[in-house]
Asks: 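This is the structure I have questions about; it appears just below.
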Amino acid sequence: MTGNRLNAMLAGMSSAEYQLLVGTQEGDPLCRAFTEKRGMHGGFTGSEIKPAQWQAAWNGLMAEEAQPGKRVAYIHIPFCRRRCLYCGFFQNYSDAELERAYIECLVRELQMAADTRYLSGAKLNAVFIGGGTPSSLSSLNAAKLLKALRAYLPLTNDYELTLEARINDLIPEKMEIWLAHGVNRVSIGVQSFNTRVRRAVGRIDATEAILNKLQLLSAYGQAAVIVDLMYGLPYQTMAVWLKDLQFLTRAAIDGWDLYQLNVYETSALKAAIAAGRLPAAATVAGQAEMFAAAEAILADHCFPRISVCHWSKSNRERNMYNTLTKSSLAVLPFGAGGGGRIGGVSLSLERKVERYMNMIRQGDKPIAAMRQPHSGYSLQKAVMGQIKQGYIDLGSLAGCHGSGIWELEPLLKIWERRGLLQTGARVAKLTVAGQFWYMNIARSILECLNALDIHKSATKVE
Ligand code: SF4
């Protein structure tokens with residue numbers, strides 16, 4: 001009877017709903033598997049905790065002893081010196097006085113967590129300092145933050161401490177502070193090595209400067225050097241993209257992520273293209289071809305694949321934080337705009353810097369939203385984790401989360417016929433087309449699990 005409920009659900013859909021969820025049969029799957037690219041929303045979310053209960057709920061969670069296992073922390077720096085045209089996450093321009101006051105509050109927030117039973121009895125495997133632009137912090141403020149982090153957050157011996165950076169900030173004075181205070185992974189938003197492409201979207205340095213600065217950081221021998229590249233930017237033709245990939249293979253780096261450009265409706269990039277100041281970004285089909293070209297070239301070089309969009313070039317790259325956050329373990333959040341979860345309870349922190357600082361000064365955790373655990377949460381993370389690794393293993397999901405997951409088998413068969421999956425004896429692997437559309441596949445699966453109420457959870461979340 002497997003799939004009866006799923007088939008009935010699909011049969012009851014309008015053609016537009018069906019195409020969004022299952023995809024389309026027209027054309028080649030790489031460029032046209034779905035009618036549109038989808039982001040990751042609409043997973044399982046638990047019920048909201050009322051604001052009056054936030055502080056007590058947080059204090060209660062931190063007063064409990066941590067479960068054995070791994071855990072990580074995320075620290076948010078909400079400042080950038082320049083605003084990139086494509087950005088959908090910009091919060092505040094850097095300001096020396098605001099930055100000083102913010103770091104003071106962030107240090108206090110770390111200190112408040114250090115005094116809890118949860119953190120005094122558990123070590124963190126990875127910490128990620130993201131933003132914004134963490135590398136934009138002055139050397140003095142970066143040193144204050146990193147010293148506090150090492151003093152208040154207990155780390156495992158083999159910890160990973162990542163700092164997000166812009167090329168422009170890779171100067172000896174800053175890098176030496178980061179490395180001296182325990183940063184062992186630097187993730188750099190290069191986006192493209194092509195000077196014209198970069199400058200069109202608000203990035204500063206030219207090709208040679210990028211390569212030199214990556215070399216400089218790498219030469220310290222103390223941190224994994226990771227690069228983010230985007231595909232589909234204005235002026236980034238296929239020829240430019242192929243050159244970008246060549247630079248990746250030559251540069252002094254340990255790994256990289258490849259991201260497709262999203263042109264957000266409210267972004268300055270959208271406005272610049274609409275006004276004719278910049279040429280159009282690549283279409284979805286164009287991006288798909290760029291992704292497939294990258295996949296083929298990087299496979300030819302035999303670079304190890306860490307996920308569908310992340311490769312390593314040396315064993316210095318472990319990608320611990322990103323890998324661990326794909327499971328349901330605890331992510332402790334700090335800083336204005338940070339987000340995380342503990343004990344399955346998810347929380348996001350106040351984004352407005354002034355309000356964040358006022359809450360810290362009152363001795364409160366600066367919470368802006370909090371939700372109870374959802375019974376499907378660990379299943380959701382398991383599904384997402386597999387898809388991000390490029391496969392779907394219904395057998396192992398059923399083993400941990402209940403046999404109801406087999407109801408999805410007919411959907412996987414459809415995707416196999418359409419060239420998005422290749423089903424072997426044990427698991428279904430995402431083809432190159434499936435990897436390009438992995439977010440659509442993940443979202444469709446989660447929507448089916450939700451609609452059919454298949455989320456029996458057998459795994460404890462920390
Ligand atoms: S550095 Fe990052 S957060 Fe800041 S504007 Fe650019 S893309 Fe946005």
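Both ligands and their constituent atoms are indexed starting at 1 by order of listing.
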Asks: Which parts of the protein, at residue level, reach under 4.0 Å of ligand 1 through a heavy atom?
Replies: C80, R82, R83, C84, Y86, C87, F90, G132, T133, R166, R203

Asks: Does R371 have any salt bridge (charged side-chain N to carboxylate O under 4.0 Å, His left out) partners at least two apart in sequence or in another chain, and if so, which?
Replies: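 Scan of R371 (salt bridge (charged side-chain N to carboxylate O under 4.0 Å, His left out), adjacent residues dropped) gives E48.
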
Asks: Which residues satisfy the salt bridge (charged side-chain N to carboxylate O under 4.0 Å, His left out) test with D257, sequence neighbours excluded?
Replies: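 Residues passing salt bridge (charged side-chain N to carboxylate O under 4.0 Å, His left out) with D257: none at all.
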
Asks: Looking at residues at least two apart in the chain, or sitting in another chain, which of them share a side-chain contact (heavy atoms from CB on, under 4.5 Å) with K313?
Replies: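 Here the qualifying residues are I253, W256, F303.
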
Asks: Looking at R185 and E317, does any basic side-chain N land under 4.0 Å from a carboxylate oxygen?
Replies: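 Looking at E317 together with R185, the answer is yes, because their closest N to O distance falls below 4.0 Å.
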
Asks: Could you check whether the rings of Y102 and Y356 sit parallel, tilted or perpendicular, using 30° and 60° as the cut-offs?
Replies: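 Taking Y356 first and then Y102, their aromatic rings sit tilted (interplane angle of 30° to 60°).
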
Asks: State whether E447 and R443 are salt-bridged, where the test is any N-O pair (Lys NZ or Arg NE/NH1/NH2 against Asp/Glu carboxylate O) under 4.0 Å.
Replies: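 Looking at E447 and R443, the cut-off is met.
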
